[in-house]
Structure formats: C-alpha cells, structure tokens
Amino acid sequence: MARPEHVHLEFLHSFGSVAYTDIKNSVCLSDDDTNSIIYPAGRHIAVRSLETDDINYIREPDRVTKITAMAITKEKSRRFLAVAEYVQMENTPLVSIFDLKSGAYFKRMRQLGFPDMSAEEFKCLGFSSDSRLIVATSGPPDYIGIVWDWYRDKLIGKYAFASKIARITINPKDPYLLCTTGPNHWKTWKIEEKSFKPQPPFSGMDRTQNYIDHDWVDDDTVVAVSDNGEAFVARGTELIQIIEFPFGKASDAMQPSASATISSLYCYAKGFFFGSSEGTISFWNRVVMHDSPQGEVFVFDFVRSWSTGRSSHINSLSLSNNEETLGISHSNNDIGTCNVSKIFQEDTEVKVEIFCQGFHRGPITAMDVAVQRPLLVTCSQTDASVRIWNYVTFKCEVAKRLRHDKDAAGSEAINRPLLSVAFHPSGYYIAVGFEDKVRIFHLLFDDLRFFREINIKNATCLRFSTSGHLLAAVSSKMVYIYTSFTLEQVDMLKAHTSAIQDLAWSKNDQKIATVGIDGGVYVFDMYTGQKDPEHVSRNTEYSSVAFIENDMVVTCGLESQHSIILEQNFGDWKTHSFGLRPKLSQIHYFRSYHGTPCFISGCYAGNVQIYGPGPSNAFLEELVVHNGSVLKLCSSHDGRYVFSGGEDGVIFIYHVIEPRDLQPQMERIQVDNKEKDDFLVRTVDEKLADIVLIPKSQLEWFKGQLETIRAEMENIRQKRDYNIQQQDLTFEEQRKELEKALHQEYKVLESKYEQIRDEKMKKEREWVERLGNLERAHNNAIDTVETLYEKKLTLEDEKYRKMEKDKTELKSYYEEQISVLQKQNDEAIEHLASAFKDSLKKTQDDYEETRKTAEDLKLIYEERLSQQEDEHEAEIQEMRKNYEAMVEKQSIENTRVRRENETLTSEQQMFSEEKEAIRIKNEKKKSTISALDKSIAELKAHKDQLEAEKKEKEDLLVQKENKIQDYKNQVKDLDKKKHVLDARKKEILDEIQPKDKEIGDLKEELKKLHNDCDRERKINTDLKKKIGEKEEQVDNLRAEGSVLQGQTNDRAHGLRAITNDIYDIVNNVEQKAWIDEMKKLYIKYVKNELGKVSKKDPECVEEMEEQLRFMSKSINIMKQSLSQSHGRSKADMRKRTIENSTLIQELHDLRKTKKSNELMIKQLEYRHKAIQQAITASERKEGKMQGKQPSTAQLPSIAPLPIPQPRAKSAKSRSLTQTGKLYKGSPFESKLINLQDKQRISELAKDLEEKKEENFYLKVEINRLRDMLSQEGSPNVEEANLRESLDA
C-alpha cells in the first residue's frame, strides 16, 4: 500500500459557536462522568470538557447544510443526543441520534425522517424521561408535530398544527402526554390512534398571550412564559400561580433588571431558572405550604437573580445532573457556565465563567499570526472587537472592543468600523485598520495600549513583512509602505484600476504581490520599484494571493462564476479551472514542521481543500468546516498548526499531520541524520507567551497589594498561634473530665456485668428443663403421626391403582378414536388436493391454448374460467361444512372425557392437600426447636460481645493515655519551631521577590477544603436516596423487560414471515396476480389470527391491519422510487448525449480551422517567394544596364503571380496547382507550425481520453440499472422502453 504523500489536517480546537442562529437547546450538559458541555460550532457539534477545555467533535457529513435544533436525554446517564439537520441538496430535514458514550467518534445510532412534509427544518426536539420516544415540530408551512419510538424506528403519532409551535415537550411520567406553546396557544395533548387529541384547557389561562417557551417541573406541574415577561404555573388543569416580575420581587419592580423579558427557561424538581433578554438569570424555589386549608400545597418563591456580564439574549439554559453547574448560551455566540451550588447563600456571589472571554458575534474580518509567540489575532466588523488567542493553551489573552472607547491620549474616540488587523512578527504589537485611520497598539498582558496612528482611510488589508521592518496598507487602489518602528512612508504602489482584495509578501521581503477585482495580478520589486511580471484578465475577480516556492505567485478568483487558480511559472501563467463548484474564496501555502510543502484553499461553501505540494485542477482531501464561506486562512510559522476563520464567526485550529509521522522509526532516523542541518529550526517559542508587557504604575500597584497581603498573612499567623494555645488548654481540661467520666462508667458497667451473668445462669437452667420436656412431647407426637400416616398411605395406594387402570383404558380408547379420525381427515384432504390439482392443470392447459388465439376469444375464455372457479368454490364449501360437522362431534366427545379426568384429578388433589397439612405441622415443630436453639446462641453471643466491649474500653483508655503523652511531645516541638519561625520572620520581611504563588496555593487549599466538605456531605445524602430508588428501578425494569422481550420476539417472527411472503410474491409472481396473492396472505395471517384472538383484545387486530397498510405503502414507495430512478437515468442519458454531440461539433470546428490556417500559411509562403523572385530579377537588370540612363518605360512590369487555390470538393485540396518549383518556406516556420499542431493534437487526445472515461462510467451505470430492473421482476412497458433507450 502506497504511503500518503500529502499533509493531512486534523481538528484540534475551535473558538466560537453558532448560537446566534436561534437553535433550540443550543447548549447541553452531559453526565457527571464525562462533565462536558455540548454546543454547535461551525457545521459540527463541539463536546467541550469542563475540566481540561479539550474539544471533541461530532462530525456532520458534507450533505448536512446546517443544524436547527438539539436535545439531550433527561435520564441520569444523559447518553443520547438528538440533532435536527437540514440537507439542502435533498431539501429534507432529518433527526440524528448520537451515542455520547461510544468513544471519541460519537456513533450515529439512528437517522429519522418524515417524507410527507414540505417544511425545510425541524424547529424543536425533545426526549421522553426513559429516552425511548423523541418528539419534533417542523417549521412553516406544515407545522407538523411528530413522535417516534426511535429504538424501533416506528412512528407513534403525528399532528398538523394550525399555527407556529414554539416548543413541544413530553410529560416526565406519561410519555403519551404532550404539551405545546405558541402564539395564543398553550395546550396539552394525548397520543391516541397515531394522532394528537387535545385535552381540557387550563382554567384561568389568558388566551391572548404569545407563549414562547415552557417546561415540566414534575409529573403534573408545567411552567410557561410569554413574550411580555410573565410566567404562568399550572398544576393539572388549573393555573395556580402567575409571576409578573420573574427577575425580582414586587418591591423591586422599579429596578431595570426586574422589568426584563424572559428569553429562556429551564425547570427541574426543586424549581426553575429564567434567562432574560438583558443577560440576567433568576432562580425560583419550590416551597411547600403545610398550613394551607387545601392540605399540602406548594408555590414558587423568588430566591435571587444575577448577571452573566453580557447584555445580550440568553438563548438556552441547561443544568447538570448534580445540580451544581448551569450551562448558558447567548445570542452573541458566547458560551459559559454558572456555579449554582451555593445559590441559597445570599452572601456568596454566583460565579459566571464565559469561555475565552467570549467569542466573535459576526464574520471574521481579518486574521494574522505572530512569528515568535504562539498567538493569533482576529477582528470582526460586526462586534467591533479585536481578540488575541493563544493556540497552544486554547485561551483568549486579550479581548477588546475598539468602538466608543478612548485611546491613550484621550483626545479622540475610536468610533469607526474595523476593517483589518495585522500582527507584528515579534508578537508584541498590532496594526488595526479603521475607516478613518490606521492605529498601532502595544499588546499588554491584559489590554491593548494605543501607540500611534497613520492617516490612511479605509485600510482594508494590512500586512507586516516577514522580517517585520515594513508595514503594507491597502487603501482602495493604492498600497502604502511604511517602516514598522518609525512609521515613515517608504513607497506608494499604484497599478490597479479598482479596489485591491489581497496582498502578500515574499519570504525575503523583496517582492510584494497584489490582486484586485479588476482582474489584475501585479508583483512589485521592493528594491527596483518595478512591477514585473504582471497578469491582467478583465473578466476575472481575484480574492486571495500567496507566494509559493521560488517566489512564484499563486492567486484564486472567479471567472464568469467559475473558480480558477492562477499559477506563475517563471514568466508564464498557468490556469487551473474548477467549474461551478467549489467556488474558492481563499488560498494559502506553507511548509510543515519537517519541511513538507502544502497548498490549501477555502471555498464559499465553508469547506477547506488540501491539494498537496502545489496547486492543481483537483484537490486530494476536503474538510467540512464552517457554516458559511471561509474568509481567512493562515498557518503558524513552524508549520504545525493551520487556522481558518469563517462567516459564522468561528475560528478552527487544525493539527498538521505529516507523511513523515507515518514512516517507520528507522527511516525517520536516517532522514533526520541526512537533513539535520537543513531544517527542523523552530522559530515559535511557546514560553514567550508568558512574557508580557505591563505598565510601571500597575506593577507598583501589584507590589503594594503584595505588601498588604504579607501583613495580613502575619496577622493570620499570630492569630493561629494564639488559637493553638487556647485549644491546648481546653484540651487538657476536657481530657481530665473524660478520665473521670470513663472511670465512673467502668464501675457502673462492672456492676451491670455481674447482674447479667447471674440472670444468664438462671435462664440457662430454665431452658434446660424446658428442652427436656419438649423433646419427650415431640417424640410421642412423632410416633402417633407415623402410625396415622402409614394407614393413610395404604388407602391412597389402593385408590391410585384403581384410577391408574381406568386411565389406561380411557387412553387406549381415545387413541383409537383419534387415529381413525386422522385417517379420515387425511383421506379427505388428499381427495380435495387431487381434485384441485386436476382442475388447476385443466385451467392451465386451457390458458396456454387461449393465449395463442386472438384477443376476441380472450373474453369468452375469461367467462368460462370464472364459471369453473365458482363451481370449485361451491364444492370446497360443501366439503368444508361436512368436515366442520365431524370436528364438532369429536369436540363434544373430548369435552366429556376432559370432565371425567378433572373429577379424578380433584380427588387426587384433596389427598395431596391432607398430606401437605401433616407435613406443615411437622415443619412448625421443627421451626420452634430451631428458634429455641437460636435464642440460646444469641444469648451466648451477647455475653461474648459484652466481654469484648469491656476489653475495647480498656484498650481505649491505654490509647488515650498514649495520645496525651504524644500531644505533650508535640507542644514541646511547637515551642521549638516557634523560636525558629521568629528567626525566619526577619528574613521573609527583607525579601523583595513577590509571593503570588504561595498566596494562590493557600487560597486554592482553602477552596479545596470547602469543596471537600460540601462533597462529602452531599455524597452521604445522595447515596441513601439512590440505593432505594435503584433497587425499585431494577425490579421494575426486569419485569418490564421480560414482558417486552416476549412480545417483541412474537411480533418480529410474524413480521418476518409476512415480509418474506410478500418478497416472494413481488419477485416470482406476475403483477396481475398480486391482488389474489395478497388476499391469500390476508386469509393466512389475519383471519386465522382473528379466530384465535378473543373479542375482548382488539389491539392484535389493529396491529395486523396496520402492518398490512404499512406493507401496501412500502410497495407504492418502491414503485415511486423505480419511476424516479428511471426518470433520472433518462435525464442523465439525454444530458450526456447532448454533451457528447457538442464535443463532436467542437472537434469538427477545430479541424476546419486547422485546414483554413494551413491554406493561409501556404498562400503567404507563395506570395513571399514571388516577391523575392521579382526583387532578384530587378537587381539583375540593373546590373546589365550600367552606364545607360534607365527609363521607367523600359522596365518590365512585375505582376504578382496567381495564388494557388484548392480544388472545390476535392480531398486533395492541400496540393497546389502552380507549375514549376515549389517553395517550402524556412525550416523555422515549419517547426513552429508542427509544434502548434502537436499541442492542439495533444489537447484533443486528452479531451478524447476524458470522454472515454465518462463513457466507461456511463456503461457501468447502465449495467447497474439493468441489474436493478432484472432483480425487481418482469419489466413493464416503461421499463422496456427505458432499456431500449439505454441500449441506444
């Protein structure tokens, strides 16, 4: 197997989300084991670990255009994730279920769809509490609600709503009870007969409200919210509470946060959370009212509200299983979590963590990478922000909005849109292009500090040179070159006639290349100032440019809606065309860490293509990445990482996988020894990310804070020493008190032990006497019982022998009767079968004869055939009546015999019951004896236990005395350490180095202690609850599983038999006889089953009818798919024949042009020869007539010779008609003509090879279609026509 020679890209991380697209449940939290948050990023779904910040991706295929909704199961494991997808090519919505516990690749368990729907997407999803059912609602124009049992891929119910549905959910207890909300709509529904039936409405509900969301608190309580900011709580069918101020109490109504509207909702057993349109979250707790006249009634009380630090809408909320973490997503793409474990403590602040200080809200306008530091800068014109990302630690170093902010001088407000950004190779300052100016900022450790500005308006593109000493800025048609440090203008480049789209520096900074929408590609030499080479194509709009090996230029663009890549090749320009797809937007070239060249591109569909070492007409690999076009591509300077920014505002980081990494270890060592001095020079220093710039004032402030913290630490140490002394004193007092108490307890226990020992001796004597009496009575009772039992056994033995004789006689009689009846039945069946076969042979012979005759005789034959079938049916009915009468007689005799057998069995059962009663009495007596033995053993054990407790307490006294001695020794050691610490105190005060790490470690230890205490307390309480719940669940699930397993096995067997019979009918029987065969199947599988099923169980009948309807639908669907495939194949054949005809016509045109060009060349050669002959003749005459005065009259007239013309309608038109010597022209001209002909012939040969390949694939497709038609049975007229067209 050949090794891959091109570089691969692997998803590593991403910054951003697509929560702005109003995806329902755009954030989900997994179980406590995985502890991750799930949200959409680009075209995929990110699964981010909350502990390590690592991201795995649920990869969507290329055909999925976008994600419209998400939902996670509500069970404790939270194993399954449902995703609503839209496939644009097929214009169909789908629902995919993923297994989150199947490893890093997340297995796709099921894909659900509903073909009878015209809506483009599913707007909402939801699971049942047992995760077996899933519910979905579609968008306009259908507004269909669908419920599936996705385990069995079965449709449970569907319903077409009259208006838009904002949310649909399943009741936690009853999976067939649904709740929906929407404009003027809040209802509950019951799934019956595969449809939704409305339930009684909520009493007191306002029907004019626009309900935007709802959720279930428990089995009977649901909360709904409206767009005017109110919340409604309903229990059963009654409205029990209306919340007018969801983000505060009624007394706080004047505050701005209390009047915010609700944008999201999440409910659970203890209460519910509200998310507002202004970035505020509130919590309402469930409180039980015990003193209510109606009994125990619960209401919901406001607990507290807090801000997330963002002023945008909160789209979605999700709570973890341990009820400590709340996941949030904002409409500005920000994703984060809140720690709600201490929500009831008003003094503690709710900690909100927004990932990476937030993400971009709109498309990525510009992107650049530093050379020395592992940093990436991006900007977005939509949110006017610049963000610095660390692509090694996956963190945001700086995030700053550059609008309505004052710069360092405080003279002018930066209130202009962002257009571009560039990162200096050092990684310590950036250039930002605004609409009015270009501004330079220094990168501090947590901020951007304004430095200077350049008066360039509308700088749409900025690039620092590779060495960092020059800065290029694009403004409309001009390129301005400045020095990076003094900001002095060095040069101004002007060549384009319209706006410049992109520019690039060469590796040695000697050249700069620019492209624009005017179709111009210009390369400027920075030393000479010349623009050479250049390429102009007025019909092309170029969008991106890059330098490859040997400082050659590559650019991409659109030429009349066709994507092209233009490549420079030492003075020539080579064009690579791609057709309509993919439409390229960006290109980039880089070398990997081990020197492997790689050329990549991004397209408007959001995909990234990999071409290999250089550009070509086809890419080698494609990655589905962004939800929108790829706007920027770049790579790290060491070639280990690639970055892409898209229209969706997401930045993806890819890890570069090289072919070198796939080689064996020995080959790698050999290559390393050869190329040790050539490459593997790392320029990106990851440690430089920790070296930052900081203002001196802020550093002094940090030092002051350090001194105050040290003083506080000293006070804490003094307090600690004092507390230790006080604890020692109290401990001594407590120890003395404990010794006294233990001594008194010991005396009391000794007295008790003596009393217990005396009582024990007395009880032992009493029990010995009782045991002797019981043994005597027991022996007497055993003797009497044995004599009675022997008598009874003799009587029962005699009765049993009589009954056994009667049984054998009856059995022989019934066997004889059954054999006689079976013989009669077999003879009747053979007679009927032979008669039926004879009649069937006759009808077949008649059918063969009449089929050869004309169509007029066909009607007469059909009438006779129908008469014969009626006669046969009458005979069969008579035979059936006789057989039924015989069966009734036999059944009467069987019932009589059965009754006699039942009387005999009842008598036998009476004797066995008497025997059992005697046995039970004996067992009771044995149990009493064993109980007495147990009580004796328990008393002995109690005695041993008291003795053991006495020994333990004696050991405890010894241990406590040893501990007291140890504590005394520790006090002495602490006194020694105190003197040592006092001596070190002076040394610590004199130290200048900051102690940030020690302070941080102490704080972390305090946090860990608090968290450990909270965890242990919660774990103890949760374990007690979980043990009882899990035992009940296990018993219930086992019982349900056994019942369901039996039902599923029976139904699966029946369905398999039906499907096999239908498959045989479709493949082996003609289409005209399908109806009769289906009737036979109905009699075989339905009527026989209906005869067995009782009238009180109609569910089986409905199930069989439903299966028949389903099979008829599947047959119709198969017919439709056949017709569609035939139509598609016809359309493809027509299209390909048209393309072949156009290609043939083009070949004819090329041949004609070639012939005409050859004629023109020969004519020109002939004229050239004639002119040369005339000139030589005139020179000779002038030589002869020397000394004579020449006259114009004596000169001969030089008339042009006639040009040879080809014969009309002759194959030999190339031959000339002129007599005499033939002029062939110069050898250089003939070589030039031959080269041009060879090039044209080679191009035509390539076209012919491509057409041959297309024809080969067409033949393969035709053969596949023929195989499908042959497998699906005898073809009809349309299929025959289709085969004729395919053969043609």
Side-chain angles (χ1 to χ4, degrees), residues 19-28 40 66-72 74 82-84 86 93 95 114 117 119-128 134-147 157-171 177-189 196 198-199 201-202 205-217 221-234 239 242-243 246 260-267 272-277 312-318 328-331:
Y20 69 94
T21 54
D22 293 332
I23 297 173
K24 277 287 184 185
N25 299 326
S26 58
V27 63
C28 301
K66 62 180 178 179
I67 297 167
T68 58
M70 290 167 50
I72 196 166
K74 295 182 179 180
V83 180
Y86 173 61
V95 177
F114 189 70
M117 184 173 67
E120 293 184 353
E121 56 188 31
F122 289 112
K123 289 291 187 181
C124 181
L125 298 174
F127 276 101
S128 61
I134 187 169
V135 63
T137 56
S138 66
D142 296 339
Y143 303 114
I144 294 178
I146 307 167
V147 179
K158 64 175 182 176
Y159 186 78
F161 296 100
S163 61
K164 176 185 175 183
I165 298 299
R167 186 74 178 270
I168 185 167
T169 56
I170 302 175
N171 184 275
L177 181 63
L178 307 177
C179 183
T180 56
T181 49
N184 304 326
H185 174 91
W186 182 19
K187 291 182 180 178
T188 55
W189 310 80
F196 299 173
Q199 300 300 300
F202 298 106
M205 183 187 75
D206 188 359
R207 300 181 184 277
T208 61
Q209 295 278 359
N210 181 14
Y211 298 98
I212 60 173
D213 202 354
H214 74 274
D215 202 359
W216 294 89
V217 177
T221 307
V222 64
V223 180
V225 296
S226 63
D227 58 354
N228 62 359
E230 292 182 343
F232 306 88
V233 183
L239 200 66
I242 299 174
I243 301 172
T261 58
I262 302 172
S263 59
S264 58
L265 168 69
Y266 186 88
C267 298
F272 44 81
F273 294 92
F274 290 127
S276 76
S277 58
S312 58
H313 282 68
I314 296 175
N315 285 345
S316 179
L317 296 172
S318 181
I328 54 176
S329 69
H330 288 269
S331 60

Say you draw a straight line from [atom1] of [X] to [atom2] of [Y]; how long is it, rounded to the nearest 0.5 Å?
X	Y	atom1	atom2	answer
His185	Arg167	NE2	CZ	13.5 Å
Tyr86	Thr68	OH	OG1	10.5 Å
Ile67	Glu121	CD1	CD	12.0 Å
Ser26	Leu317	OG	CG	9.5 Å
Trp216	Asn171	CH2	CG	4.5 Å
Ser329	Asn315	OG	CG	5.0 Å

I need the minimum non-hydrogen distance between [X] and [Y], along with the two atoms involved.
X	Y	answer
Gln199	Leu177	CG-CD1, 4.3 Å
Ser128	Ile170	N-CD1, 3.8 Å
Ala260	Ser276	CB-CB, 3.9 Å
Ile23	Met70	CG2-N, 4.2 Å
Thr137	Ile168	CG2-CG2, 3.2 Å
Pro183	Asn210	CA-OD1, 3.2 Å

**Prompt:** So, Asp142 side chain and Met117 main chain: donor-acceptor pair closer than 3.5 Å or not?
**Reply:**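 Here the side-chain-to-backbone pair does not exist.
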Looking at side-chain heavy atoms only, is the closest gap between [X] and [Y] below 4.5 Å?
X	Y	answer
Val147	Leu178	yes
Glu230	Gln209	yes
Pro198	Trp189	yes
Ile165	Lys123	no
Trp186	Cys179	yes
Phe273	Ile328	no
Ile72	Asn25	no
Val225	His214	no

**Asked** After noting the C-alpha distance and the side-chain angles of Phe202 and Thr188, does the key distance pass the side-chain contact (heavy atoms from CB on, under 4.5 Å) rule?
**Response** CA-CA 9 Å; Phe202 298 106; Thr188 55; 3.7 Å; yes
**Prompt:** Would Ser263 and His313 count as having a side-chain donor-acceptor pair, cut-off 3.5 Å?
**Reply:**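 The criterion, which ignores hydrogens and geometry beyond distance, is not satisfied for His313 and Ser263.
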**Prompt:** Is there a donor in the side chain of Thr261 and an acceptor in the side chain of Ser277, or the other way round, less than 3.5 Å apart?
**Reply:**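 Present: a donor and an acceptor within the cut-off.
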**Prompt:** Among Asn228, Thr181, Leu265, Asp227, which one satisfies side chain to side chain contact (heavy atoms under 4.5 Å, CB included) with Ile212?
**Reply:**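 Among Asn228, Thr181, Leu265, Asp227, the one that satisfies the side chain to side chain contact (heavy atoms under 4.5 Å, CB included) with Ile212 is Asp227.
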**Prompt:** side-chain contact (heavy atoms from CB on, under 4.5 Å) with Ala69: which residues, sequence neighbours excluded?
**Reply:**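 Applying side-chain contact (heavy atoms from CB on, under 4.5 Å) to Ala69 gives Lys24, Ala84, Leu125.
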**Message:** Taking the ring of Tyr211 and the ring of Phe232, is the distance between their centroids below 6.0 Å?
**Reply:**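 Yes, close enough.
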**Message:** Is it true that, when you exclude Lys187 itself, more than 12 heavy atoms of the residues, nucleotides or ligands shown sit nearer than 6.0 Å to its NZ?
**Reply:**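 Atom NZ in Lys187 is not crowded, with 12 or fewer foreign heavy atoms closer than 6.0 Å.
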**Request:** Any chance you could lay out the side-chain contact (heavy atoms from CB on, under 4.5 Å) test for Phe196 and Thr180, step after step, and finish with the verdict?
**Result:** CA-CA 11 Å; Phe196 299 173; Thr180 56; over 6 Å; no
**Request:** Give the intermediate values and the outcome of side-chain contact (heavy atoms from CB on, under 4.5 Å) for residues Val223 and Asp215.
**Result:** CA-CA 6 Å; Val223 180; Asp215 202 359; 5.8 Å; no
